Amino acid sequence: MLTRLRHRIGTQEPEEGSALVAAVGVALVGVVLAAVVVANAVAVTNDSGQDRARTSEVHSAEGGVDAVYAELEEGTPCTWPAAGTHASGSAPSATAVRATVQYFDKNGVALTCTNGAVAGDAAQAVITSTSSATTAGRTTERTVQSKVNLTPTSVPGRGAAIFAANQIMTTNGFTLETSLPDTAVDIWVDTGNVNCNSNVKIDGNLIVVNGTTDISGGCRITQNLWSKKKLTVHTVQSAGLTTVGQDTFAAADATLAGGSKYGRDLVVAGALTSWGAGPSVAGSTRTGVGAGGVPQYVKVGLPEVNYRPADWTGFANTGNRAQAYKDWVTQNAVANNAPTWSEAYKPAGNKCTLAGESYGLNGPLLGPTVPTVFDTRFCTQTMFQGNLNIKLRADMVIFANDFYATGNFQITSADGAQHQAWIIVPDPDTTPNGIAECGKTVSGNTSKNIKFDSGSLAVAPITFFGYTPCTLETNNTMTFYGQLYGGNVVLRNSMTMRYVPIGIPGVEFPSTNPTASSGFRVDVVYKREVASP
């Protein structure tokens, strides 16, 4: 029996060793399988993290494009953000975003952009926004690009039809229109406040550079309005008309009558106050936008105009232009059979006060056949009255210290052709100093006013330019084509002006463009993901 037991033990030892080896093998297989499972889980986790990052990237890249849209409404960003990158989200899907902006003009020519300033007039922009993320040591990127059309949200400049250096008054039926198809006009008020009332129509833009604007009694602007200081609209227009036909900009607070209408956007740098249902705005309303949210204008000053006959190229401008004026008046008085005792007839008469009636010239003043410069500054005041009619056969400029016309004074065309007329009260400086000065006396010449009363001024096809560094005033049923520039401008009582740009030779008139744009209206052409640049 002992022998059998030994035999069983001897035969079982090899079997037990194999089992141990097998067990170890099974354990190793389990370890390998576990490692594979763990590695797969780690890989899946990493891929999932990268997928989340890539999803976050495309969203944050698109967000960068949207952020540039918002900045374009207020300026011209070259990049977003201005420096560095924008951090979006948090771990494990945090991304870093940066966008660049390339501008183009209306012809598709690329423009340079430096420190938020674009060299040229931007009409389009391409925004490229790239977002990147690093996950498990791997960096990935996604890029979204957008093309947009840009329309400046500013008052376009054409040179002012009416320029008031200090203040302007428009009342009692004053109307400003344009005689040029599809061309609006500008009224520029350099300093001082504007009170527009009593059925005034400005068929163009009103730019109040450094004052408040009060609108009431049927005053309306058909194009754009810009006011540096508070804008107040007291009443609603009749017949459902808009108070401002296009954009309204207030670089301060605004109080607008409830129900008053505005044809496009309303942009207020400060607070907006109203009543009832509030203002009716066809476009968007933005308040509290700050100074950067509206176009910027600065005081430019009335251009200085001096007596410089040589600037008038092509005109009779040499010799004694005062004596030339006296001789011209005398010749017309003789031709009209004027009384020999009249000031107009007498060769020694100073010709400072003229009338077209029988006691004066007894008829019109027929202009020279060539463009001519006349100087009446030897008169304290040059006065035309009593149905005096200057009948032009060529262009004419009259320089005066002070000019007053009344009693149906007219400038007409003798031959039906278009001619231009200027009445200028110049700054008396013989050497320009860049400042238009009212009331200054130099060598016996003093700058004073221009005033028109009671009747037509320049009858089509005559165009007219009036200039004085003092007050330019019109009254009582007057109509003319041209431009007016003055220190103070007073326009009232059924006066109609139709804008025709004339200018003054040798004088550069300031543009009415803003000094800085408030940005653009942004129209999206496309927005799509692209390969990383």
Side-chain angles (χ1 to χ4, degrees), residues 53-89 94-134 139-157 224 247 249 251 264-265 267 269 283-284 286 288-297 511 513-533:
R54 283 191 288 264
T55 301
S56 298
E57 286 167 13
V58 75
H59 288 307
S60 57
E62 184 175 7
V65 170
D66 293 340
V68 173
Y69 289 165
E71 291 205 1
L72 283 169
E73 292 183 351
E74 296 187 359
T76 52
C78 302
T79 60
W80 181 87
T85 60
H86 175 77
S88 176
T95 62
V97 187
R98 183 167 178 79
T100 59
V101 187
Q102 176 65 68
Y103 294 91
F104 301 87
D105 66 15
K106 64 181 180 180
N107 298 316
V109 177
L111 306 174
T112 59
C113 183
T114 305
N115 297 325
V118 175
D121 297 323
Q124 290 184 328
V126 174
I127 306 161
T128 303
S129 177
T130 299
S131 178
S132 62
T134 300
T139 300
T140 57
E141 291 184 342
R142 298 188 77 167
T143 299
V144 173
Q145 193 172 78
S146 178
K147 181 179 180 180
V148 296
N149 290 327
L150 304 175
T151 303
T153 55
S154 62
V155 181
N224 305 285
D247 294 328
F249 299 98
R264 207 155 62 185
D265 294 343
V267 183
S284 63
R286 293 193 296 158
V289 299
V294 297
Q296 298 300 303
Y297 293 87
S511 168
N513 284 318
T515 58
S517 172
S518 63
F520 303 90
R521 178 170 297 174
V522 180
D523 296 311
V524 179
V525 178
Y526 64 75
K527 181 167 64 173
R528 63 197 179 198
E529 186 176 5
V530 298
S532 296

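Nothing fancy with the numbering, it's 1 onward along the sequence. If you're wondering where the values come from, they're calculated on a predicted model, not measured in any experiment.
- Looking only at distances, no side-chain donor or acceptor of Asn107 sits under 3.5 Å from a matching main-chain atom of Val109.
- Scanning all heavy atoms of the two residues, the minimum distance from Arg98 to Gly84 falls at NH1-O, 2.6 Å.
- Here the shortest heavy-atom pairing between Ala123 and Asp105 reads CB-C, 3.8 Å.
- Listed by chain and number, the residues in a side-chain contact (heavy atoms from CB on, under 4.5 Å) with Cys78 are Cys113 (sequence neighbours excluded).
- Take Tyr103 and apply the side-chain hydrogen bond (donor to acceptor under 3.5 Å, both in side chains) test, not counting sequence neighbours, and it matches no residue.
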Inset, instruction - Test side chain to side chain contact (heavy atoms under 4.5 Å, CB included) on Thr95 and His59 and set out the steps. - result: CA-CA 10 Å; Thr95 62; His59 288 307; over 6 Å; no

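- Residues Val267 and Val289 come closest through the heavy atom pair CG1-CG2, 3.8 Å.
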Legend entry - Derivation of the side-chain hydrogen bond (donor to acceptor under 3.5 Å, both in side chains) call for Thr128 and Gln145: CA-CA 4 Å; Thr128 303; Gln145 193 172 78; 2.9 Å; yes

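- Closest non-hydrogen pair, Glu529 versus Thr143, comes out as CG-O, 3.1 Å.
- Take Asp66 and apply the salt bridge (Lys or Arg N to Asp or Glu O under 4.0 Å) test, not counting sequence neighbours, and it matches Lys527.
- Panel note: side chain Gln296, backbone Val294; a donor-acceptor pair is recorded below 3.5 Å.
- Here CD of Gln102 is found 9.0 Å from OG1 of Thr112. Values are rounded to the nearest 0.5 Å.
- Evaluated for a side-chain contact (heavy atoms from CB on, under 4.5 Å) with Pro77, the options Leu72, Thr100, Ile127 yield exactly one hit, Leu72.
- Going from atom CG of Asp247 over to atom CG of Asp265 covers 5.0 Å, rounded to the nearest 0.5 Å.
- The two residues Val144 and Ala61 have their closest heavy-atom pair at CG2-CB, 3.8 Å.
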Inset, instruction - Step by step, work out the side chain to side chain contact (heavy atoms under 4.5 Å, CB included) result for Leu150 and Val148. - result: CA-CA 6 Å; Leu150 304 175; Val148 296; 3.8 Å; yes

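- Closest approach of Ser146 and Tyr526 over heavy atoms only: OG-O, 2.8 Å.
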